[in-house]
Participant: 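The structure is given below, and queries will be raised subsequently.
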Amino acid sequence: VVSLDYRLAPEHRFPTASNDAWDALQWLATHANSLGADSARLAVGGDSAGGTLAAVNAILARDAGLPLALQLLFYPGTTPYQDTAAHARYGQGLILEAAGIDWFFDNYLPTRAQREDWRFAPLLAAEHEGLAPAWIGLAECDPLADDGILYADCLRAARVPVALEIYRGVTHEFIKMGRVLPEARQAHADAAQALRQAFCLSPEQAQHATHGAVDGPMPELHLGDWAQLGADATQLRMAVFVQEQGIAPELEIDALDAQ
C-alpha cells in the first residue's frame, strides 16, 4: 500500500492535490519493482476526496497509456455542485454537513468556475470509455451517495465494468469505524475481494505475496525523486508500508482515504 500525503488547501489550492496524486502514481509505476511491488498490478483507491483523486487518476492513467487493474472508490465526490437529492436529504445532522462541504470547497477552489473542471468533478470528463474497472462502495445516508451512483451509471454507459455496493444505514466515513460497525468490516472484506479479483490472486496467493513481497528492510524513498516530476519535495511526502494482513477478507482498514 502506498499512501500519499498530498498538499492541502488553503495553502495549496486546486489543482495541486490532483497534480500531486498523479505525480505519485507516475512515480510508483516507474519505481514499483524497487519497492517489492508488481508494476503490472497497480490499482488506485480512496474515500471521499481521496476517491475523487483516485477517479481522476484513473482518467489520467488511461490518457497516458498506464494500465490500472482497478479504481476502488469509497463514496467519491464526482459532481460540480451539491444539488443532488442525497445532498438535500442527508446534508444536515450527520457527519458530513452542507456547511462543512461549502467550507471545504471555498478553501479548495479559487473560483466557482473551477467546479466544472473534470479534475474536481470527474463526472464531467469528456470521455469515460477505456477506464479501469471500478468498484464503488457507498454509504446510504451520505450527501455523496448520489455522486457515486451517477458515476457508476456514467461508467457503465461507457462500457466500463462496475461493481456498486451501497451499505445501508451508515453515513460518510463509515469505513473508518470497523471496530464498531459490521457494515464497515463487510466493506473492508468486499474491497479486499475486489482487489484480489482485479489482481487475479487467490486468497492464498495474496497472503503469500504480501508476506513475501519485500525481503529485508523497505527501500528508502528519496523525496528528491519528486522534483523530477515537477512536484515540491519539501511539501510532498510519501509513506510506504506493508500491511501484514495483506489483501485478506479480515483486513481492517482504519483510514483508506488520502484526506
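Heavy atoms only: backbone and side chains are in, while hydrogens, waters and symmetry mates are out. This is a predicted model, so every value here is computed, not measured.
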Participant: Give me the atom names and distance for the closest heavy-atom approach of P80 to A121.
Facilitator: N-CB, 3.6 Å
Participant: Are side-chain heavy atoms of L35 and L28 found at a separation under 4.5 Å?
Facilitator: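 Yes, close enough: below the 4.5 Å cut-off.
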Participant: Please round to the nearest 0.5 Å and tell me the distance separating atom OG of S48 and atom CG of L53.
Facilitator: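 If I round to the nearest 0.5 Å, the distance is 10.0 Å.
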Participant: Considering residues at least two apart in sequence or located in another chain, which fulfil the side chain to side chain donor-acceptor pair (under 3.5 Å) criterion with E140?
Facilitator: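 Applying side chain to side chain donor-acceptor pair (under 3.5 Å) to E140 gives none.
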Participant: Which residue pairs pass the side chain to side chain donor-acceptor pair (under 3.5 Å) test with at least one member in residues 120-138, sequence neighbours excluded?
Facilitator: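 Counting only pairs at least two positions apart or across chains, no side chain to side chain donor-acceptor pair (under 3.5 Å) contact touches residues 120-138.
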Participant: CZ of R13 to CG of D106: how many Å apart, nearest 0.5 Å?
Facilitator: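 Interatomic distance, R13 CZ to D106 CG, rounded to 0.5 Å: 8.5 Å.
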Participant: Kindly give the heavy-atom pair with the smallest separation between V44 and A54, and that separation in Å.
Facilitator: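 Reported closest heavy-atom pair: CG2-O, 3.5 Å.
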Participant: Which heavy atom in A145 sits nearest to a heavy atom in A139, and how many Å separate them?
Facilitator: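 Heavy-atom minimum between the residues: CB-O, 3.6 Å.
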Participant: Distance check, rounded to the nearest 0.5 Å: E97 atom CD versus D102 atom CG?
Facilitator: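 Here the interatomic distance stands at 11.5 Å.
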Participant: My understanding is that a hydrophobic cluster links ILVMFWY residues whose side chain heavy atoms are under 4.5 Å apart, including indirect links. Using that, what else belongs to the cluster containing L94?
Facilitator: Y90
Participant: A side-chain contact here means heavy atoms from C-beta on lying under 4.5 Å apart; do Q114 and F120 qualify?
Facilitator: no
Participant: Which atom names give the shortest non-hydrogen contact between S39 and A29, and what distance separates them?
Facilitator: CB-O, 4.1 Å
Participant: Distance check, rounded to the nearest 0.5 Å: T171 atom OG1 versus L144 atom CG?
Facilitator: 9.0 Å
Participant: Can you name the residues that form a side chain to side chain donor-acceptor pair (under 3.5 Å) with Y151, not counting sequence neighbours?
Facilitator: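 Residues passing side chain to side chain donor-acceptor pair (under 3.5 Å) with Y151: none at all.
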Participant: Who pairs with D142 by side chain to side chain donor-acceptor pair (under 3.5 Å), at least two apart in sequence or on another chain?
Facilitator: H172
Participant: What verdict does the side chain to side chain contact (heavy atoms under 4.5 Å, CB included) test give for M177 and I95, after you've listed the backbone C-alpha separation in whole Å, the side-chain angles of each residue and the deciding distance to 0.1 Å?
Facilitator: CA-CA 12 Å; M177 306 173 190; I95 289 176; 3.3 Å; yes
Participant: Let me check something: any side-chain donor-acceptor pairs from residues 67-78 under 3.5 Å, sequence neighbours excluded? List them with distances.
Facilitator:
unit_1, atom_1, unit_2, atom_2, d
Q71, NE2, A132, O, 3.0
Y75, OH, D47, OD2, 3.1
Y75, OH, E173, N, 3.2
T78, OG1, D147, O, 2.9

Participant: List for me each residue that meets side chain to side chain contact (heavy atoms under 4.5 Å, CB included) alongside R89, sequence neighbours excluded, and say none if there are none.
Facilitator: A85
Participant: Give the minimum heavy-atom separation between A24 and L4, together with the two atoms involved.
Facilitator: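 In terms of heavy atoms, the two residues are closest at CB-CD1, 3.8 Å.
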Participant: Strictly distance-based, threshold 3.5 Å: is any side-chain N or O of N107 a donor or acceptor partner for the main-chain N or O of A9?
Facilitator: no
Participant: Are R41 and L201 packed together at the side-chain level, in the sense that at least one heavy-atom pair is separated by less than 4.5 angstrom?
Facilitator: yes
Participant: Listing request: all side chain to side chain donor-acceptor pair (under 3.5 Å) pairs with a residue in residues 152-170, at least two apart in sequence or in separate chains.
Facilitator: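 Every side chain to side chain donor-acceptor pair (under 3.5 Å) pair that includes a residue of residues 152-170, provided the two are not neighbours, is Y167-D190.
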Participant: Could you pull out all residues at least two apart from R119 that satisfy side chain to side chain contact (heavy atoms under 4.5 Å, CB included)?
Facilitator: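 Side chain to side chain contact (heavy atoms under 4.5 Å, CB included) list for R119, sorted by chain: F14, P15, S18, N19, V56, D117.
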Participant: Partners of D63 by salt bridge (charged side-chain N to carboxylate O under 4.0 Å, His left out), sequence neighbours excluded?
Facilitator: none
Participant: I need the L42 CG to L66 CG distance, nearest 0.5 Å.
Facilitator: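 The distance works out to 6.5 Å.
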Participant: Once side chain to side chain contact (heavy atoms under 4.5 Å, CB included) is applied, do any residues pair with I101, and if so which ones, sequence neighbours excluded?
Facilitator: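 Result, side chain to side chain contact (heavy atoms under 4.5 Å, CB included) vs I101: Q82, H87, L96, F105, P143.
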Participant: Kindly work out whether a path of hydrophobic side-chain contacts (I/L/V/M/F/W/Y, heavy atoms less than 4.5 Å apart) joins W103 to Y108.
Facilitator: yes
Participant: Quick one: side chain to side chain contact (heavy atoms under 4.5 Å, CB included) partners of L150, sequence neighbours excluded?
Facilitator: T79, T84, L123
Participant: If you measure from CG on L124 to CH2 on W118, what distance do you get to the nearest 0.5 Å?
Facilitator: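 Separation between the atoms: 11.0 Å.
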